[in-house]
Amino acid sequence: MKIGLYGGTFDPIHIGHLIVMENTLNFMDLDKIIVLPSSNPPHKQNKRKTATNIRVEMVEEAIKDNKKLVLSTFESDDDSVVYTHQTLDYFKNKYPDDEFYYIMGEDSFMTIDSWRNYEKILNDNLIVFARTSIEEDSDLIKKVDLIKKDNPNIYLIDNLNINISSTLIRDLVKNNKSIKYLVPDSVGELIKEYGLYV
């Protein structure tokens, strides 16, 4: 099987995340995507985050009606830091007959040189989704082309110009504004129920 791995803080998961996943399923013809909420992402260790179990519950609610999206708590079972290269090794070792593709956003890809064991990650199958329309002479294109010289298995996806962020959602809730259509209704209900972001 061709399987995508999509990690994130998901605080909260929103329509932008879901569109990325659906777009990736279509574009790459993946059999499924494993969604990995992270309890303690390396680049956000000092930032305040919603409790891991609530973020996992929001992801579970958001993807429950899509059989091709599967929740994994590999990166959220405890509060330890799990690095991307460890996640890739875990799934490749556990399912040696499957082909894995790591899905990341443009922002992450552009700073990947700061990730632990990034050279190893850059040798894997990578799917990078652009935050806005892809421009021919952009830094993103230049970086993808440079890495493709050593690894042809890097795929760039134009993400339909959906520029929604978890920060935007949190700010809207904090300012008592509507987040309807920006998150699935079930996620909106959990945000209300737990009194998040106020």
Side-chain angles (χ1 to χ4, degrees), residues 1-38 41 55-77 82-112 115 117-134 140-141 143-145 147-148 150-166 183-184 186-187:
M1 283 200 294
K2 289 172 67 176
I3 301 172
L5 298 173
Y6 186 36
T9 313
F10 301 118
D11 194 10
I13 188 168
H14 53 69
I15 294 298
H17 293 128
L18 299 173
I19 290 172
V20 163
M21 288 188 270
E22 195 66 19
N23 208 14
T24 305
L25 286 166
N26 288 336
F27 187 83
M28 293 298 300
D29 199 25
L30 299 180
D31 294 292
K32 66 179 176 180
I33 291 175
I34 296 173
V35 189
L36 295 140
S38 176
R55 289 187 285 113
V56 168
E57 186 179 355
M58 287 192 285
V59 169
E60 196 170 23
E61 278 296 316
I63 68 173
K64 68 182 180 185
D65 61 347
N66 189 332
K67 290 178 182 174
K68 289 193 170 188
L69 302 180
V70 181
L71 172 69
S72 167
T73 58
F74 174 73
E75 292 189 358
S76 55
D77 279 334
V82 180
Y83 293 93
T84 298
H85 70 92
Q86 294 172 313
T87 299
L88 281 160
D89 285 346
Y90 170 78
F91 283 101
K92 287 193 296 186
N93 291 331
K94 187 168 183 181
Y95 306 101
D97 296 330
D98 293 322
E99 192 173 8
F100 288 94
Y101 295 77
Y102 192 79
I103 303 164
M104 63 169 55
E106 175 180 343
D107 298 346
S108 296
F109 179 70
M110 292 305 289
T111 60
I112 197 168
W115 293 22
N117 286 1
Y118 75 92
E119 300 98 333
K120 189 175 178 183
I121 299 166
L122 290 177
N123 284 320
D124 273 296
N125 298 319
L126 292 180
I127 299 170
V128 180
F129 57 87
R131 189 173 276 278
T132 56
S133 290
I134 300 169
L140 175 61
I141 291 282
K143 186 157 188 165
V144 168
D145 287 345
I147 292 165
K148 266 191 171 182
D150 296 315
N151 176 12
N153 298 319
I154 295 188
Y155 307 91
L156 186 56
I157 298 178
D158 193 329
N159 195 39
L160 308 176
N161 292 326
I162 303 297
N163 196 359
I164 302 169
S165 69
S166 296
V183 298
S186 57
V187 172

> What are the two closest non-hydrogen atoms of P184 and L18, and how far apart are they?
Replying inline: CG-CD1, 3.5 Å

> So do the side chains of I121 and N117 get within less than 4.5 Å of each other, counting heavy atoms only?
Replying inline: no

> Taking all atoms of both residues into account, what is the closest heavy-atom pair of G16 and I164, and its distance?
Replying inline: N-CD1, 4.2 Å

> Taking only residues two or more places apart in sequence, or in another chain, which ones meet E60 in a side-chain hydrogen bond (donor to acceptor under 3.5 Å, both in side chains)?
Replying inline: none

> Side-chain contact, heavy-atom cut-off 4.5 Å: E99 with N153?
Replying inline: no

>> The criterion is side-chain hydrogen bond (donor to acceptor under 3.5 Å, both in side chains); which residues satisfy it with T87, sequence neighbours excluded?
In response: E75

> Closest approach of M28 and I127, non-hydrogen atoms and distance?
Replying inline: CG-CD1, 3.5 Å

> For D89, does its backbone N or O pair with a side-chain atom of N93 as donor and acceptor, under 3.5 Å?
Replying inline: yes

> Excluding sequence neighbours, so at least two apart, what forms side-chain hydrogen bond (donor to acceptor under 3.5 Å, both in side chains) with E119?
Replying inline: none

> Taking only residues two or more places apart in sequence, or in another chain, which ones meet F129 in a ring pair (Phe, Tyr, Trp, His ring centres under 6.0 Å)?
Replying inline: none

> Using 30° and 60° as the class limits, which term best fits the ring planes of F10 and H17: parallel, tilted or perpendicular?
Replying inline: perpendicular

>> Test side chain to side chain contact (heavy atoms under 4.5 Å, CB included) on D124 and F100; report intermediate values, then the result.
In response: CA-CA 8 Å; D124 273 296; F100 288 94; over 6 Å; no

>> Less than 4.5 Å apart, side chain to side chain, heavy atoms only: is that true for L71 and P37?
In response: yes

> Heavy atoms, side chains only, cut-off 4.5 Å: are Y83 and L88 in contact?
Replying inline: no

>> Can you confirm whether N66 sits close enough to I33 that some side-chain heavy atom of one is under 4.5 Å from a side-chain heavy atom of the other?
In response: no

>> Can you confirm whether Y6 sits close enough to L69 that some side-chain heavy atom of one is under 4.5 Å from a side-chain heavy atom of the other?
In response: no

>> I'd like to check the salt bridge (Lys or Arg N to Asp or Glu O under 4.0 Å) partners of D107; sequence neighbours left out, ordered by chain and number.
In response: R131

> Hey, is the main chain of L25 close enough, under 3.5 Å, to the side chain of K68 for a donor-acceptor pair?
Replying inline: no

>> Over 60° means perpendicular and under 30° means parallel, so tell me whether F74 and F91 are parallel, tilted or perpendicular.
In response: perpendicular

> Who are the side-chain hydrogen bond (donor to acceptor under 3.5 Å, both in side chains) partners of K143, not counting sequence neighbours?
Replying inline: D113

> Any idea which heavy atoms bring E61 and S186 closest together, and the distance?
Replying inline: OE1-CB, 3.3 Å

> If you look at every heavy atom in D11 and S166, which pair is closest and at what distance?
Replying inline: O-CB, 3.5 Å

>> For a quick test of reading the model, state the closest non-hydrogen atom pair linking M1 to D98 and the distance between them.
In response: N-OD1, 3.0 Å

